Amino acid sequence: MARILILGYGNPLRSDDGLGWRAAEELSRTLSSADVDILARHQLTPELAGPLSQAATVFFIDASREGEPGELSCVPVTPQASGAGFSHQLSPAAVLALSQLLFGTSPRAFLVSLCGQNFDHGENLSPPVAAGLPRLTALVGQLVQHLGQQQAVRSR
Amino acid sequence: MERRTIVIDPVTRIEGHAKITLHLNEQGRVEDAHFHVTQFRGFEKFCEGRPFSEMPSLMARICGICPVSHLIASAKACDALLAVRIPPTADKLRRIFGLAQVVQSHALSLFYLSSPDLLLGMDADPASSNLFGVLAKNPSLARDGIRLRQFGQQIIERLGGKRIHPAWIVPGGVSEPLTVQNRDAILASLPEALAIAERTMEWFKGTTEQFREEIASFGNFPTLFMGIVKEDGGLTFYDGKIRMANAAGDVVADGLDPARYADYLGEKVESWSYLKSTYYKPKGFPDGIYRVGPLARVNVADRCGTPRADQELAEFHELQRTAVLSSFHYHHARLIEILYCVERMQQLLTDPEILSKHVRAFARPNALEGVGAAEAPRGTLFHHYKIDEQGLIRWANLIIATGHNNIAMNKSILQVAKHFVHGERLAPGMLNRVEAVIRCYDPCLSCSTHAAGQMALQVQLLNAAGEVLDEVVRG
């Protein structure tokens, strides 16, 4: 597993909820480093604890419901065990907690999101989210580059 | 005292949306129970007018847990429309795909949804009755569950290109042959999966003593059992004839053609649920009650056909001289099937033909009607299509495992509620047992009603006037 894991998730048949998939596809085209692994998933499941435990940093990408449509946010996520009754659909914090509990380690993690406008049936992003997608991928690209430079400095 | 009703809404740790109502008589005792499936999907209607060749991909969208089962049944129905015999290697590859699906689905049911009940007990705090609770008490069990599900998903991803909604199975066979690299990678993963299955079986058998009361009251009543078996009576998930056995364990109908399901299976619609109830026609409704899925399959099959699974099957049959009746034993049956699936994959993957490049037969439609049947993780699955001369779908009927089990699930809830629910309030342990009996069947309501989302549960306690006395909503 690469040092950096980018994990886009959501339902691509639910309009803006497909943001994670679209971002993962876009980043797969622009980020070609062997140090970066990119996954797209419908939801976060316990099985992801394995790949997470092998990464140094993970970027979760998802559409949010908080804020103005198209608003970009990037917030750190820390492990937190979830009491969800339905444990094959987890929050980023819960998957990180599983990684910690199962493998004794969890990566530094960030949740990068755009506030969605439309979560109804459909395969297209709403105009504000479509317009915000390049900003999101650029931000993730810059953060990945920054982490790469940090690693290069440490290796010297 | 007036008659009252308890409502549990939503039901938790199941696949889909449902609620339960428990009706109390004037003495405050449970006299009736209903399992209401409150979501609706409608795949049978909105596929009308689509080209039949799209059906496997469309039908796989019915479920995110068992898309492969729908792919298989749908493709088999399309094979019947084409009137082709698919290449032997395609047949074997479809079987491997289906076996991997059963393993990942059974792992989800047993480890993610039911192991909190089995490990932490039925009276455990609902807030900790989840995978994290299991992890805190028995980390290796939680790790095994996650690894086993991953094992099945990785095989599906290797063969189908992706783990959710893969489109590798097509009318006439499969779209791509198996590569040497993928065969070797899957073969290399089998020993770990088998070891997990063995460990879990030993753990499970060690837990059952503490669940005597649940075993006695969780759907423990006589019914028929139905499953597809091979020509020699052996366990199969892909192809064969329908066998029906009674509670004594005697075969009452054998060699039934799956394509003629309508001759012996009836479907009844109830006003209080979107889930149809299926029954065995010769006995009528509701006496034609039968069960499908893991417990039914191991009750109707003469053997598994793989060494470790057959050893465990023999031990399983020592539980009861007749058919094994308690639905609590669905969990045990699931574990036998996991063993079988891993062992059977080993057999198929070491077949000399498995790397053949001839994996698809091509034809135009040669029949206007086709039925495909297979054993999905939760039981027998039928896809039945009629097309017009242009190959467009004109009519479709799907009979899903959860529908076969609907009458039995309702009766099981009633049995559990009569045994455990007393008074006008729902204590957590009572509620959880009512839910846990449903989890034994591992119902998939997204599959069986054709709504998006997770299975949440609502339980209502009603009086004779229909007034809600108590209600619990979880989701």
Side-chain angles (χ1 to χ4, degrees), chain A residues 1 7-18 20-21 24-25 28 37-54 79-106 118-123, chain B residues 10-17 46 61 64-65 67 104-105 107-109 111-116 125-137 139-154 157 162-165 432 435 439 452-457 473-475:
Chain A
M1 179 58 66
L7 186 43
Y9 66 99
N11 185 343
L13 299 178
R14 283 279 187 172
S15 303
D16 288 344
D17 200 33
W21 284 70
E25 286 165 9
S28 297
D37 203 1
I38 302 174
L39 300 175
R41 295 285 184 264
H42 284 80
Q43 53 191 210
L44 301 180
T45 59
E47 303 83 65
L48 288 167
L52 257 66
S53 69
Q54 293 167 41
Q80 188 172 12
S82 157
F86 193 72
S87 48
H88 65 266
Q89 179 183 316
L90 301 169
S91 66
V95 191
L96 289 169
L98 270 181
S99 171
Q100 185 70 47
L101 290 164
L102 285 166
F103 303 105
T105 181
S106 67
N118 174 25
F119 292 92
D120 210 339
H121 296 289
E123 295 182 73
Chain B
V11 181
T12 60
R13 282 190 274 139
I14 57 172
E15 316 284 352
H17 296 278
F46 66 64
R61 261 65 184 180
I65 306 296
Q104 69 86 17
S105 178
L108 189 151
S109 170
F111 291 92
Y112 292 12
L113 305 181
S114 287
S115 74
D125 178 0
S128 61
S129 285
N130 53 46
L131 196 56
F132 288 101
V134 172
L135 192 52
K137 183 156 183 188
S140 62
L141 181 70
R143 195 177 293 118
D144 278 352
I146 291 171
R147 282 293 296 147
L148 195 61
R149 183 148 197 252
Q150 200 172 31
F151 159 81
Q153 289 181 321
Q154 284 174 340
E157 195 166 20
K162 54 183 182 176
R163 61 182 65 189
I164 310 286
H165 305 318
N432 192 43
E435 293 180 298
R439 289 185 205 115
Q454 64 192 49
M455 181 145 179
L457 187 83
V473 178
R474 295 211 305 230

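Here the structure is a predicted model, which means the values were calculated and not measured. Lettering of chains follows the sequences in order, A, B, ..., and the numbering in each one begins at 1.
- Here the closest non-hydrogen pair linking B/Q150 and A/E47 is NE2-O, 3.3 Å.
- Taking CG of A/L90 as the start and CZ of B/F132 as the end, the distance is 5.5 Å to the nearest 0.5 Å.
- Across all their heavy atoms, A/L102 and B/P139 have their closest contact at CD2-O, 4.3 Å.
- For B/L135, the part lying under 4.5 angstrom from a heavy atom of chain A is the side chain only.
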